[in-house]
Amino acid sequence: KLQAAVPGSKPIPTILGPNTIPEPSKALNDRVAVLRGDITTIAADAIVNAANRSLLGGGGVDGAIHRAAGSGLYDECKTLNGCPTGSAKITDAYALHCRKIIHAVGPVYDPIRHERSEEKLIGCYNRSLELAVEHNCRTIAFSGISTGIYGYPSREAAPAALSAVRKFLTGKNGKKIDKVIFVTFERKDVDAYDEAIPLYFPPV
Ligand code: ADP
């Protein structure tokens with residue numbers, strides 16, 4: 001449920017609607033967490049990789065996940081025929097501590113077509129959450145999709161991620177997810193979540 005924003009308050013961008021602020025909910029707030037660290041060490045049911053359209057590995061977090069998971073992951077990814085931008089595919093986790101890896105393909109940030117970038121980024125979060133539910137993954141850890149090599153400013157990506165997750169958790173399949181963990185890696189990601197969390201998950 002959303003309330004009208006109080007006049008003069010900071011507008012909430014993205015899919016929650018321009019002039020709304022989310023109603024504080026302890027139950028909802030308890031289901032999200034921000035954690036600074038290396039996503040390859042997280043024992044959630046599913047972790048979300050920031051992949052590219054080939055799904056065959058790359059730099060950044062993608063490279064770290066492939067190295068840590070082992071060559072079985074590459075072999076499975078070869079059978080997937082890639083993935084379009086704004087969507088995701090799921091694999092087993094091999095040597096990692098999680099049960100599944102969701103490979104989301106974020107957009108390369110386009111500052112001119114900013115809304116299109118946001119639509120694609122939100123698509124990644126939605127599809128990843130749907131895949132988690134389909135595969136009975138009740139805890140899911142997201143890396144900062146697109147905020148590395150793909151150039152999406154962390155301060156714009158965090159609100160998009162948080163609004164998509166809030167909307168999913170309050171939607172028809174939301175009860176099938178117990179915990180969403182945003183794994184931040186660099187200072188800029190930590191700052192972006194620290195700033196945006198109180199807007200999307202206001203303290204009770
Ligand atoms: P993209 O190509 O989608 O931008 P990157 O891998 O370059 O993906 O960056 C995505 C985010 O993942 C960045 O915020 C980066 O700091 C972070 N990152 C890089 N390595 C790791 C890791 N081992 N664990 C968690 N996050 C990581």
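Remember, it's 1-based here, ligands and their atoms both numbered in the order they're listed.
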Tell me, with the steps shown, if K188 and S154 meet side-chain hydrogen bond (donor to acceptor under 3.5 Å, both in side chains). CA-CA 7 Å; K188 67 178 175 69; S154 296; 3.1 Å; yes

Taking atom CZ as the centre, does R138 end up with more than 12 heavy-atom neighbours from other residues, nucleotides or ligands that are less than 6.0 angstrom away?
yes

In short, side-chain hydrogen bond (donor to acceptor under 3.5 Å, both in side chains) pairs touching residues 99-109 with sequence neighbours left out are N49-H103, T91-H103, D92-K100, Y109-E156

_With a 4.5 Å cut-off on side-chain heavy atoms, are R155 and D191 touching?_
yes

Near ligand 1 (heavy atom, under 4.0 angstrom), the protein residues are G37, D38, I39, A50, G60, V61, A64, G144, S146, T147, G148, I149, Y150, F185, E186, D189

For residues 69-80, the side-chain hydrogen bond (donor to acceptor under 3.5 Å, both in side chains) pairs (sequence neighbours left out) are E76-Y94

Salt bridge (charged side-chain N to carboxylate O under 4.0 Å, His left out) filter on K26, not counting sequence neighbours, yields D30

